[in-house]
Structures are given as structure tokens and as C-alpha cells.
Amino acid sequence: MGTGGGGAEEIAGERRQLINVAYRLLGSVTEAEDAVQAAYARWYGLPRSRREEILSPGAWLTTVTSRICLDLLGSARARREHYVGAWLPEPLPDRTEWDRADGADPTGPADPADQIVLDESVGMAFLVVLETMTPAERVAFVLHEVFRYPYAEIAGVLGRTPAACKQLAASARRRVSDAHPPVTATGGADVVRRVKEAWESKDITALVGLLNPAAVMTADGGGMVGTILRPLEGGARIAQYMVAMAGKAPGLELLERSVNGVPGLVAQRAGAVVTVASFDISDRRITRIWVIRNPEKLRPWGGGSG
């Protein structure tokens, strides 16, 4: 009898790692969950004798999940050509926010977003840079740089030589070389709090002072809700837009919340989350704002709480 195959508990225990890999590859909780489910379906679709021959079920599942994500990334590039406005990754709440949002029993089965480790590799700035990569670059980079998989194993995912995978990762690394380091929680929280206060008081001068003159705001409404369709450039223009929106948003409540592991803002109306904003901050000024309003991407946030 073989020593491979793994028991049901061991196989189920791989889910957390697979969800973490898939979310970073796809930028979507829903698609990550689907990819992992498909990988498990393929595992259980194997004859028992074949499963027992596999010495590392976790490595097998990671390889299959990554291949599924690779295929999805290829088709996503085509789909996003027809997406209304900018496409942004799905924002992730803090675990406590997720539990409170969906009312889930914290002792029950974990939701996929609840299993994603919130570190710099899921920061919105990082995920947006990943979107600029080719599917092969993204897979090679994420598996090697984030999860430390050797190029020999990545070669099995991509169907290329280890040397070719190393070149792909190097190319991807160059794309992120100019990215700003993640802001500290303390500094970021202070800037975000001041943005919230300035927005609530419609203080355009204060907002301009908090924004880098070359700041860029990008919004994702998916064609389902109203928002800007193209990036808005310039700190002054962004401040004017924010103040104008504040005047058109009666009953909107702005809350300080963790977004993908760093300080951000959440807007609620009648208890329902309608907007999530993430920020990139450098030298205590905001350089990028990502605004997610597509309702399909806000499902992990549920109705929230005051």
C-alpha cells in the first residue's frame, strides 16, 4: 500500500494555502474559490489507486490550482477588454469585519476570504501591479516570490523550463521594482483619518494638502453603479471631485476600516456597504486611490456594522 494519497483531513487542510495562492493569482475571491473547488474536483475524480501514488497531494493540488488560474487569467484578459470602466481586484475586509459582515459563526466552516493571509502581497497596490503582468509572468512571480516555490516546480505548472520560468519571474520583478513600500499602519491610519474628516467637512483645502499633486484615483463600478470611468489625475481635481460627491451623498456614513490589510475607508448607506476605498501613501501624502463600487465585489463586506 502506498504512502501517498493523503487522508481526507490532510487534503482539506490544503484549502487555506490554495485559496491564498489563487486569490493572489486572480485578484478575485469568487474566482479563487471556484479555482480551488475545481482543483479538488479533479483530485477526487482521480482513481483511488492514482491518488495513492501521489506522494505530495498538497503539491499536486497547488499545481492544478495554479494551472486553472493560468487558464482563467488568459480568458480574463479578453473579458476585461469589454469591462465597463476600470477593473480592480476585489477588496478584502479584516477577518473581524468579514465575520461581522456576513454574520457567520466564527467556529463554523471558514469562508474563503477569511482564510487569506493579509500581508503586503495582497495590498491593492501590489495586486494592481500584478494585473499588468502576462499570465505566465504572474504565476511565476507569485509562486516564486510570494510562496517560495522552486523554479523546477513552477516549470511543471507553466510547461516551460526552469530557466524560462526564472526569466518570467525576473521580468515580473522589474514591473514591481518601482512600487512604493507598504505604508506603516500608524502613519497610514493617521492620513486616512484626516481624509475622512476633510471629506465629511467638505474641506477641499485640507484634501488638497493630503493628496500628492500627481495623485491618481481609479474607480471600479463594473457598469452597475455610477462612478468615473477613467482614472482621475491630479490632487486638486480629485479633491474637487470628492467634495462634489460629498454634497451628492446624503445619508452616507464613512468608516475607517482595514482594506486588504492596510487602513482604508468604507462608505455605508442604510447599513449596507456601497463603496470601499484603498490608498497608496508615500511621505504622508496619498499617491493613489482605488475605489471599488461594483456590488459583486463588495459581497464579502455584507451589510457591515456601524
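- The distance from the CG atom of L130 to the CG atom of L25 is 8.5 Å, given to the nearest 0.5 Å.
- Under a 4.0 Å N-O distance rule, the pair E256/R193 qualifies as a salt bridge.
- A salt bridge links D220 to K297: at least one charged side-chain nitrogen sits closer than 4.0 Å to a carboxylate oxygen.
- Of all heavy-atom pairs between G247 and K202, the closest is CA-NZ, 3.8 Å.
- At a cut-off of 3.5 Å, with distance as the only test, no side-chain donor of N20 or R16 sits close to an acceptor on the other residue.
- None of K166, R160, H144 except one satisfies the side-chain hydrogen bond (donor to acceptor under 3.5 Å, both in side chains) rule with Y151; the exception is H144.
- Among all heavy-atom pairs drawn from G156 and T63, the shortest one is O-CG2, 4.4 Å.
- Interatomic distance, CG of L127 versus CG of N260, reported as 6.0 Å (0.5 Å rounding).
- Residues E33 and R15 are paired through a salt bridge, judged by an N-O separation under 4.0 Å between the basic side chain and the carboxylate.
- Between E31 and R79, at least one side-chain N (NZ, or NE/NH1/NH2) sits under 4.0 Å from a carboxylate O, which counts as a salt bridge.
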> Going through the distances and angles, do L254 and V266 end up as a side chain to side chain contact (heavy atoms under 4.5 Å, CB included)?
Replying inline: CA-CA 6 Å; L254 213 56; V266 169; over 6 Å; no
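- By the side-chain hydrogen bond (donor to acceptor under 3.5 Å, both in side chains) test, T205 pairs with no residue at all, sequence neighbours left out.
- None of W301, W290, F279 except one satisfies the side-chain contact (heavy atoms from CB on, under 4.5 Å) rule with V259; the exception is W301.
- Residues A32 and L26 share a closest heavy-atom pair of N-CD1, 3.8 Å.
- Under a 4.0 Å N-O distance rule, the pair R237/E233 does not qualify as a salt bridge.
- Side-chain atoms of S171 and R175 form no donor-acceptor pair, as typed in the model, at a separation below 3.5 Å.
- Between the side chains of R293 and T227, no donor N or O sits under 3.5 Å from an acceptor N or O.
- Here the shortest heavy-atom pairing between A215 and L211 reads CB-CD2, 4.3 Å.
- From R51, atom CZ reaches atom CD of E53 across 11.5 Å, with rounding to the nearest 0.5 Å.
- The two residues I154 and A140 have their closest heavy-atom pair at CD1-O, 3.8 Å.
- To the nearest 0.5 Å, atom OG of residue S56 and atom CD of residue E10 are 8.0 Å apart.
- Taken from CZ in R67 to CG in L72, the straight-line distance is 14.5 Å, to the nearest 0.5 Å.
- For the residue pair I238 and L232, the shortest heavy atom distance occurs at CD1-O, 3.6 Å.
- To the nearest 0.5 angstrom, L210 atom CG is 9.0 Å from M242 atom CE.
- With sequence neighbours left out, Y149 forms a ring-ring contact (aromatic ring centres under 6.0 Å, His included) with no residue at all.
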